[in-house]
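What follows is a short report on a single structure.
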Amino acid sequence: MSSLRRTSSRQEVRTLACPQCGAVAGRPCRDPAGTSRYVNHRQRVAAFHADRYRSTPGPQIGGQSRLQPRREQVRTVPCPRCSAPAYAPCTGARGRERTAHHFERVEAFTASY
């Protein structure tokens, strides 16, 4: 299974500081009263996933590994999974726009280079 697709643990997410409450890396998030929270803030989880996505090596081109392409780059090709046209976001269940693109679209983009 791809490391991008698996669910991260609370401890993994806590390797980054929380942008919401300012909790330092390694410490749990805090509520407004200063009490430790069992779960992390959504902003911290999002920052963790964004950091993990940026640091995951992408396909090799010319023998050199490169990082995953940016969302704007991936959207220059149509999505083979949901048939979204180039420059349009992917669609998910019930035709709703997705904030993330399908992995098949990433593969189609990288294959074009």
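Atoms considered below: every heavy atom in the structure, side chains included; atoms not considered: hydrogens, waters and symmetry mates.
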field: From NE2 (His49) to CD (Glu12), nearest 0.5 Å
entry: 9.0 Å
Rounded distance (nearest 0.5 Å) linking atom CZ of Phe48 with atom OG of Ser9: 7.5 Å
So which heavy atom on [X] is nearest to which on [Y], and how close?
X	Y	answer
Ala17	Pro19	O-CD, 3.4 Å
Ala23	Pro28	CB-O, 3.4 Å
Val24	Arg44	O-NH2, 3.2 Å
Cys18	His41	SG-ND1, 3.5 Å
Ala86	Arg105	CA-NH2, 4.0 Å

query: Do any pairs count as a salt bridge (charged side-chain N to carboxylate O under 4.0 Å, His left out) and have a residue in residues 26-39, sequence neighbours left out, and if so which ones?
result: none
- prompt: For Arg14, what residues pass the side chain to side chain donor-acceptor pair (under 3.5 Å) criterion, not counting sequence neighbours?
  reply: Asn40
field: Candidate pair Gln20 and Cys29, rule side-chain contact (heavy atoms from CB on, under 4.5 Å), full reasoning
entry: CA-CA 8 Å; Gln20 176 69 24; Cys29 288; over 6 Å; no
- request: Would you list the pairs meeting side-chain hydrogen bond (donor to acceptor under 3.5 Å, both in side chains) in which at least one residue belongs to residues 85-99, sequence neighbours left out?
  value: none
